[in-house]
Each structure stands twice: as C-alpha cells, then as structure tokens.
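First comes the structure, then the notes that go with it.
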Amino acid sequence: MPALKVPRREAEPVKRRLKSLGLYDGKRRPRREGGYVLLPVISDPRIEGLGYEVLPAELPLRPERQIYRNLESVLAERLSEEELKHLRRYDIIGDIAVIQIPPELEHRVEDIVWGLRKVHPFLRVIARKGFHEGAFRIRDYSIIWGERRLNTVHKENGVEIKVDLSKAFFNPRMKGERYRLAQLVRDGERILIPFAGVLPYALVIARYKRVKITAVELNREAYELGRENIELNRKKLKGEIEFIHGDVFEVLPELPTYDRVISPTPRGVDALALTLSKAEGWLHYYDFVHEADIEAFRERIIEECERQGKDCKVKIKKVSDFKPHVFKVCADVKVVD
Ligand code: SAH
C-alpha cells in the first residue's frame with residue numbers, strides 16, 4: 001500500500017493537502033523514518049504528481065474506534081475501580097450497542113445503559129450478548145434498553161450493510177480485515193467467498209475493485225439480507241456479486257476455480273481442502289487457533305497444498321483475540337503454481 005515520503009517539517013501541511021484532495025488514507029497511521037514521515041495515501045494516479053517520493057509501505061492500521069475508553073471514563077462517575085475492571089469491550093452496529101455484562105456487573109446494568117447513551121446519543125437499542133450458537137453462528141441477545149429490534153443498517157468501509165442480529169451473523173470488528181483484503185485485490189479478479197453471511201466482505205471488495213465475486217451462504221435469512229444489501233449499495237459497487245443460496249460443501253464442488261478464495265470459516269468447520277481446491281492464486285482461510293498450535297496449523301496447510309500438488313507460500317496473521325490464548329487467524333496462502 002502506497003505512502004508518500006515527506007520531510008518531517010512538511011508533514012502537517014502535506015497531510016492537510018492530501019486530505020483536501022481526498023488522497024489521504026486515514027485507515028492507516030503515518031510513521032516516522034529518520035528526518036521523514038511516511039504518510040499513508042490511497043492508490044490513485046494523482047499521488048505521483050505531488051513532488052514527493054511514493055513508495056510501498058506496511059503502515060499499521062488504526063485501532064478500531066477507541067470508544068471503550070470513553071465509556072470507562074464516563075462510568076467512573078458511578079462505578080468503583082474494582083467494578084470498572086470488569087467492564088467489557090462493546091460494539092456499535094448501526095444504532096444498536098451490544099455489550100457483554102459479566103456477573104460482577106449484574107447490579108450495574110442501569111448504569112451501563114446510562115453510560116452508553118451518554119457516550120453515543122444516537123443509540124436506539126442496547127442489547128447484551130451471549131455466545132454464537134449453532135451452524136449459522138447466531139448469537140443470543142437480550143434487549144436491555146430501547147426499541148425491541150435487532151435489525152439496523154451498519155456503515156463500514158464505504159458501504160451500508162443491513163443486518164439482523166437475531167437472524168444472521170455479523171461482526172463489526174472485522175472492518176479492518178475487510179479493508180486489508182480489499183487493498184490486496186486487483187481489478188479483474190474472479191473471487192469466491194463461501195460462508196458469505198450478509199455479504200460484508202463481498203460488498204467492501206466490490207465497492208473498491210472491478211471484480212466478479214461469487215458468494216455462497218446457507219442461512220436463508222442471511223442470504224435474503226445479502227440480496228437486499230446488493231440492491232442497497234448497487235450504485236456504489238464497481239464489482240459484480242453473484243450470490244448463491246446453498247451449502248458450501250454441496251455448491252463448491254460444482255463451481256470452477258477462482259483467482260482468489262476468501263473463507264470466513266465458521267468455528268468448528270473444516271473447509272480447508274475444499275476451499276484450497278478452488279484457489280488458483282490466493283486463499284485467505286480464517287480459523288480459530290490456540291496460540292500454541294499456530295505452527296501446527298501452518299503445517300496442516302502446507303501438507304494439504306502438497307496433497308493437492310500445489311506449491312504454496314503460507315503467512316499466518318492473528319486477526320483478533322477470540323478468548324484467552326485463542327485467536328481468530330487468517331492464513332494467506334499464495335499458490336505459486
Ligand atoms: N462472512 C460473514 C459470515 C461469517 S460467519 C461475515 O463475516 O459476516 C459464517 C457463515 O457461514 C454464517 O453466515 C453461516 O450461516 C454460514 N454457514 C455455515 N455453514 C455453512 C455451509 N455449510 N454452507 C454455507 N454457509 C454456511
């Protein structure tokens with residue numbers, strides 16, 4: 001991803017200029033390098049004409065909105081220090097806040113609702129969450145304040161995503177990951193996305209790249225929402241999305257191979273051999289792995305590549321912490337030939 005190499009003294013004015021030209025990439029952070037600053041810019045022909053060196057740079061993604069701190073400081077008025085320690089991270093999805101409330105804070109539900117509303121006055125629903133259940137990965141929620149609904153429209157990476165948390169899986173924390181993938185994709189690619197849910201990956205990629213995506217989802221309600229999402233974003237999408245309702249294990253064997261396969265695999269499902277067999281260039285395979293087993297996970301992928309007669313390079317990236325020592329990881333598998 002490109003960066004502009006700018007002398008430190010000039011960094012601030014150049015950053016302002018880039019912002020006003022719409023060329024600054026606010027999703028990544030600038031980095032100092034000697035007497036220079038590397039400013040993150042988007043891929044655009046205009047960046048070459050600014051009089052500064054353009055170079056590829058791995059700049060860190062900004063953390064997800066740091067709203068958690070805010071809630072903590074607002075609640076410091078009402079909760080003890082001990083209680084504050086038990087406060088969990090929460091998510092904002094459209095106008096819905098979802099938070100996990102541990103037993104230690106059971107008596108503080110009212111205060112937490114008050115704090116969330118103070119930090120986010122636009123909220124219409126506050127729900128507490130349980131865990132993902134069953135094959136469709138739907139969580140169990142109970143509404144603790146506001147309108148009795150779990151459907152909303154969430155904005156992310158320049159697209160609008162209709163979700164219904166009572167009917168289909170959606171995770172706003174994967175925003176950075178979707179952005180990363182959209183940056184890796186090149187115009188013209190043909191992409192397969194099994195386990196596609198309400199289509200967040202497909203929409204974000206098609207928003208930015210002229211690609212042909214085939215997505216597959218089994219949950220009828222997620223599929224219906226996904227169809228609505230294609231319509232909702234139709235005018236903004238550069239790419240095309242074909243959406244198939246069905247079981248990945250039945251549908252994929254009938255499909256051709258693709259330049260890139262992105263598998264947001266549900267926990268406990270093994271789709272490695274199947275998804276790899278459909279990948280000509282790249283496979284991005286998500287899984288949940290204990291940190292002690294990451295090497296074994298890599299070995300397993302390399303073995304599967306060998307079994308399929310593919311020469312592969314595998315890079316494994318921790319995407320988020322799922323529970324202590326267990327991470328959601330993404331294996332970026334490059335099929336060399
Ligand atoms: N990619 C989406 C959803 C990931 S969750 C997102 O990131 O938001 C995994 C999804 O796989 C769920 O929507 C679930 O309904 C779906 N799923 C589970 N088993 C499936 C199968 N055998 N075939 C197709 N979809 C399946």
Side-chain angles (χ1 to χ4, degrees), residues 64 91-94 96 98 129-141 150-157 159-182 185 191-207 213-230 232-233 239 241-255 258 260-275 277-278 283-288 317 319-320 322 327-331:
E64 303 263 291
D91 292 299
I92 302 290
I93 303 171
I96 302 176
V98 284
K129 66 177 172 185
F131 291 92
H132 289 295
E133 308 252 15
F136 294 162
R137 317 307 299 154
I138 299 166
R139 276 183 197 257
D140 177 30
Y141 292 91
L150 288 166
N151 64 314
T152 186
V153 177
H154 182 69
K155 288 192 183 145
E156 175 202 294
N157 288 308
V159 297
E160 290 178 282
I161 308 171
K162 258 192 173 184
V163 302
D164 189 329
L165 302 172
S166 66
K167 295 179 176 159
F169 174 96
F170 179 73
N171 184 352
R173 296 186 193 178
M174 291 302 115
K175 174 177 96 177
E177 191 51 22
R178 293 190 262 269
Y179 177 78
R180 179 181 79 94
L181 291 180
V185 167
I191 303 175
L192 174 66
I193 309 183
F195 311 109
V198 300
L199 292 180
Y201 285 86
L203 294 166
V204 172
I205 293 169
R207 163 80 174 82
I213 298 175
T214 299
V216 184
E217 169 60 45
L218 183 58
N219 174 0
R220 162 66 68 182
E221 316 218 61
Y223 173 78
E224 298 294 348
L225 282 161
R227 295 222 75 90
E228 289 182 44
N229 284 329
I230 297 175
L232 188 62
N233 294 278
I241 304 172
E242 173 197 22
F243 199 11
I244 301 171
H245 176 231
D247 186 327
V248 163
F249 292 92
E250 288 167 17
V251 174
L252 263 59
E254 309 296 323
L255 294 176
Y258 294 79
R260 193 183 294 270
V261 178
I262 298 169
S263 176
T265 333
R267 187 164 150 83
V269 170
D270 180 356
L272 179 63
L274 180 60
T275 54
S277 75
K278 294 292 156 183
L283 167 65
H284 306 280
Y285 187 83
Y286 293 85
D287 209 340
F288 298 82
K317 190 176 168 286
V319 174
S320 67
F322 176 70
F327 291 88
K328 180 167 184 174
V329 299
C330 181

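Order of listing sets the numbers, starting from 1, for every ligand and every atom in it. Just the heavy atoms: all of them, side chains too, but no hydrogens, waters or symmetry mates, feed the values below.
Of all the atoms in ligand 1, the ones that sit under 4.0 Å from a non-hydrogen atom of Asn219 are 15 (O). Taking every non-hydrogen atom of Gly246 and a distance limit under 4.0 Å, the qualifying atoms of ligand 1 come out as 23 (N), 24 (C). For ligand 1, the atoms sitting less than 4.0 Å from at least one non-hydrogen atom of Ala196 are 1 (N), 2 (C), numbered in the order shown with element in parentheses. Each of the atoms 1 (N), 4 (C), 9 (C) of ligand 1 lies under 4.0 Å from some heavy atom of Pro264.
None of Glu217, Arg137, Arg139 except one satisfies the side chain to side chain contact (heavy atoms under 4.5 Å, CB included) rule with Phe169; the exception is Arg137.
Between Glu160 and Leu203 the shortest heavy-atom distance is O-CD1, 4.3 Å. Among all heavy-atom pairs drawn from Gly226 and Leu199, the shortest one is O-CD1, 3.4 Å. Between Ala196 and Phe243, the shortest heavy-atom contact is CB-CE1, 4.0 Å. Nearest heavy atoms, Pro200 versus Phe170: CB-CE1, 4.0 Å.
The protein atom (non-hydrogen) at minimum distance from atom 5 (S) of ligand 1 is Phe169 CD2, 3.5 Å. Ranking protein heavy atoms by distance to atom 25 (N) of ligand 1, first place goes to Leu218 N, 3.2 Å. Nearest protein heavy-atom contact of atom 23 (N) of ligand 1 is Val248 N, 2.8 Å. Ranking protein heavy atoms by distance to atom 7 (O) of ligand 1, first place goes to Tyr201 CE1, 3.2 Å.
In the candidate list Pro172, Pro200, Pro194, Gly197, Pro200 is nearest to atom 8 (O) of ligand 1, counting heavy atoms. Of the candidates Phe170, Tyr223, Phe195, Phe195 brings a heavy atom nearest to atom 20 (C) of ligand 1. When the options Glu250, Met174, Arg220, Glu217 are ranked by their closest heavy atom to atom 10 (C) of ligand 1, first place goes to Glu217.
The closest approach between any non-hydrogen atom of Ala135 and ligand 1 is below 4.0 Å.
In summary, Glu177 and Arg180 engage in a salt bridge, as defined by a charged side-chain N under 4.0 Å from a carboxylate O.
Once rounded to the nearest 0.5 Å, the distance linking CG of Asp91 with NZ of Lys129 reads 4.5 Å.
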Subject >> side-chain contact (heavy atoms from CB on, under 4.5 Å) assessment of Asn151 paired with Lys162 >> reply: CA-CA 7 Å; Asn151 64 314; Lys162 258 192 173 184; over 6 Å; no
Subject >> Worked verdict on Phe322 versus Arg267 for side-chain contact (heavy atoms from CB on, under 4.5 Å) >> reply: CA-CA 11 Å; Phe322 176 70; Arg267 187 164 150 83; 3.5 Å; yes
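At least one N or O atom of Asp247 sits closer than 3.5 Å to an N or O atom of ligand 1.
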